[in-house]
Amino acid sequence: MSCKSGDPYLDLVVNTWLKHDKNPTTYQEVLDYIEKSQWGKLKEIMHGRQKFGTAGLRGRMGAGYRCMNDVVVLQTAQGLCSYLQKECSQSQLQNGIVVGYDGRYSSKRFAELTAKVFITANIPVNIFSVVCPTPFVSFATILYEAAAGVMVTASHNPKEDNGYKVYWGNGSQIITPHDDEILDEILHCLEIPDDHWNIDEIRSHELVKDCQKEVTSKYMEYIHEILPQKLLDVNKKANIDTIYSAMHGVGYNYVVEAFETANLKVPISVKEQQDPDPDFSTVTFPNPEEVECLKLSQRLAEQRGVRLVLVNDPDADRLAVAEYNLSTKEWKVFTGNEMGALLGWWLLHLHSSSGSDEKVYMIASIVSSKMLRTIVQDKGYFVETLTGFKWMGNTTLLLLEEGKLPLFAFEEAIGYMCHPRVPDKDGISAAVQVASLASHLYTNGSCLVDQLQALYKEFGYHVSHNAYFICHEPATIHKIFRRIRNYGGPGVYPKHVAGYEIVYVNDLTAGVKYPEQSATGDALHLNVLGTGLDRDYTSGEMIMLRCSNGLGVTIRTSGTEPKIKYYTELICNAPTCKSQADTKAKLEKMVEEFIDELLQPKENGLK
């Protein structure tokens, strides 16, 4: 059967797909669309290709160039392979590539299809024998001095999705120009040789090496090396209990080994979420930022009398933290901004305790809290990057090349880099550091909540209110941002929103900023590829606004999901819990008014 829709271009694209696809499931999916004359659906899945967003390629599993499937993976691997052959030295190519995968449907298959493409080109492949954390691919790429790394994962996306994350040989996710040039190369590598489909004996091929044991061992050595002996002793003596959930993902075995390496007590596991489960059967969305994802962990903690809860996302590159407050008898679920401040302070404390007076660099995404800027101001520098850890990772590496010390990086979406050895967010090392911080605090009669309050008293209360709307219609998104850019007439951005005066605008997508001075104080914006702040922003829509009352609001589209996200922060002096609660309530009211007027969620059908 061939496609005869009456649209010559659609017919060409669909018939070409049918020529390429040897997967019976996705092949039949396209035939079904043709048989039912669902031309609109075929256009939706076939027109255009995915681009490398804030976290690589990511989309629904299914047929079509817009989705994740065998054809897209093979073509992507072929394009990546061709690009590396042009860009890398022979020694790098002989070191091969690293390939890892998570526990989602088709992840192992996508990884092995990728391996087949590279060994066919006589390039060795270091592949994990079982599921692995995403940061292990970054770590292994550097360990082997490989040409690149590939991690097949959709992280915390819904179960219907999968993804393809690419690391350059430096261990950081690819950025411009590599991402765009790889996409261009893919377009020259669309033909799929029949042999690329045959992965039956891929694991026994002489160019394929199982790197599982070696990488895990070397990673654990790294964990041990970055913890001072005094802290290892504290961890052992404190012997604190923790509850841990792998969120149906890859993290459990690795966290257990990392805790043992750090002299931490092996965590108590949430059994229902311990093993990889591609259906994520206990949660609606496997994103530990969602409150429901922590409920099983909190319930187990209450049953076992444990104060500290740690939850990785399914590919273990992010970490959620909750602590039971013995005074209030309530749970405190820390935001990414709050934990970013705590971890940043902790690593700075360890650095200072080592006797070093070397200036350090703290890195955060531009939508994250500015609290670290205040914490580090006397001991180092605060660097901001675009959203996405690919920018923070590359900035980390650039600072290292310049002989500087990047100590810590974080994003408000609970992602943390606790050491530059892994220039990416790493939920395993972050779990170790949080448990070590808790050991230190509990031993001294304090806790995470108390330490956060101490930071607020010293550096000011920084409160955020972040959320998002679901929007599947590109036309609606375009309409919303066009309205903002023409709020007071053609080309006139808003001067007042919900009664609040706008004193600063930075439209990163359109390249419009006024007044010219930065609204983010002393943040260091390196004029380099590492941050992306001084380059054209091509990852979607992003507009930053600041009000005369100190309210900062950033609105952007997600690089991986159909969302319009907004991030807000207010900084003030609020030394008591009551004054903080009042400030937070005030912020939420302000943001509600601001967002209702600016985005018009009801009028635009936003969920």
Side-chain angles (χ1 to χ4, degrees), residues 13 16-17 19-23 46 48-53 55-59 64-101 109-127 137-138 140-142 144-153 162-199 202 205-209 390 394 529 538:
V13 172
T16 302
W17 172 275
K19 183 184 78 169
H20 287 151
D21 193 7
K22 295 186 184 303
N23 182 303
M46 291 292 183
R49 301 185 73 90
Q50 293 187 64
K51 294 184 177 181
F52 289 101
L57 305 179
R58 202 178 286 184
Y65 298 112
R66 305 283 302 180
C67 300
M68 292 300 301
N69 49 67
D70 290 358
V71 170
V72 166
V73 166
L74 283 167
Q75 291 175 337
T76 300
Q78 289 171 179
L80 174 62
C81 182
S82 177
Y83 183 73
L84 293 175
Q85 287 173 313
K86 294 177 180 179
E87 292 292 318
C88 296
S89 66
Q90 277 304 117
S91 62
Q92 278 182 300
L93 292 174
Q94 285 310 303
N95 289 339
I97 68 163
V98 175
V99 180
Y101 56 95
R109 176 173 175 80
F110 290 167
E112 292 180 345
L113 287 170
T114 298
K116 184 57 181 281
V117 168
F118 278 86
I119 62 172
T120 304
N122 207 36
I123 296 174
V125 175
N126 302 285
I127 190 169
V137 172
S138 169
T141 301
I142 296 172
Y144 293 126
E145 297 182 355
V150 171
M151 179 66 188
V152 180
T153 179
N162 214 325
Y164 199 88
K165 191 176 286 190
V166 177
Y167 292 83
W168 197 241
N170 60 10
S172 189
Q173 294 174 55
I174 55 171
I175 57 171
T176 304
H178 296 311
D179 50 2
D180 293 331
E181 291 177 358
I182 290 170
L183 288 174
D184 289 341
E185 195 66 30
I186 291 170
L187 298 179
H188 294 95
C189 302
L190 299 179
E191 292 297 322
I192 303 173
D194 288 346
D195 188 48
H196 282 179
W197 290 91
N198 182 11
I199 57 173
I202 188 74
H205 194 280
E206 61 182 2
L207 288 176
V208 175
K209 171 187 172 183
K390 62 182 182 180
N394 279 280
L529 261 179
T538 57

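Numbers here are sequence positions counted from 1. Bear in mind the structure is a predicted one, so any value in this text is a computation, not a measurement.
Looking at heavy atoms from C-beta onward, E112 lies out of side-chain contact with Y101 at the 4.5 angstrom threshold. Using a 4.5 Å heavy-atom threshold, the side chains of N23 and V71 count as separate. Annotation: side chain of F118 is not in contact with side chain of L207 (no heavy-atom distance under 4.5 Å). Within the 4.5 Å cutoff, no side-chain heavy atoms of V150 are placed close to those of Y167. Under the 4.5 Å side-chain criterion, counting only non-hydrogen atoms from C-beta, M68 is in contact with Q50. The closest side-chain heavy-atom distance from V152 to R109 is not below 4.5 Å. Residues V166 and L80 are in side-chain contact: their nearest non-hydrogen atoms beyond the backbone lie under 4.5 Å apart. Side-chain atoms of I202 and I119, non-hydrogen and from C-beta on, do get closer than 4.5 Å to each other.
Here the CG-CG distance, from N126 to N95, works out to 8.5 Å after rounding to the nearest 0.5 Å. Rounded to the nearest 0.5 Å, atoms CD (E181) and CD1 (I186) are 12.5 Å apart. One distance of note links CG of L57 with CG of L183; it measures 7.0 Å at 0.5 Å rounding. A distance of 13.0 Å separates OH of Y164 from OG1 of T153, quoted to the nearest 0.5 Å. Rounding to the nearest 0.5 Å places CD1 of I174 at 5.5 Å from CG of D179. With rounding to the nearest 0.5 Å, the separation of SG in C189 from CG in D184 is 11.0 Å.
Residues satisfying the salt bridge (Lys or Arg N to Asp or Glu O under 4.0 Å) test with K51, not counting sequence neighbours, are none. Under the ring pair (Phe, Tyr, Trp, His ring centres under 6.0 Å) criterion, Y65 pairs with W17, not counting sequence neighbours. Under the ring pair (Phe, Tyr, Trp, His ring centres under 6.0 Å) criterion, H196 pairs with no residue, sequence neighbours left out. With sequence neighbours excluded, no residue forms a salt bridge (Lys or Arg N to Asp or Glu O under 4.0 Å) with E145. Evaluation of the salt bridge (Lys or Arg N to Asp or Glu O under 4.0 Å) rule for R49 yields no partner, not counting sequence neighbours.
When all heavy atoms of T141 and G149 are compared, the closest pair comes out as OG1-CA, 3.6 Å. The shortest non-hydrogen separation linking A115 to I127 is CB-CD1, 4.4 Å. Nearest approach of A121 to C81, heavy atoms of both residues: CB-SG, 3.6 Å. The minimum heavy-atom distance linking L84 with L93 is given by the pair O-CD2, 3.8 Å.
Among Q78, Q75, K19, the single residue meeting the side chain to side chain donor-acceptor pair (under 3.5 Å) criterion with E191 is K19.
Sorted by first and then second residue, the salt bridge (Lys or Arg N to Asp or Glu O under 4.0 Å) pairs involving residues 83-101 (not counting sequence neighbours) are K86-E185.
Between the K116 side chain and the D195 main chain, a donor and an acceptor come within less than 3.5 Å of each other. Distance alone, capped at 3.5 Å, is enough to place a donor-acceptor pair between the N394 side chain and the Q173 backbone.
Under the 4.0 Å criterion applied to side-chain N and carboxylate O atoms, K22 and D70 are not assigned as salt-bridge partners.
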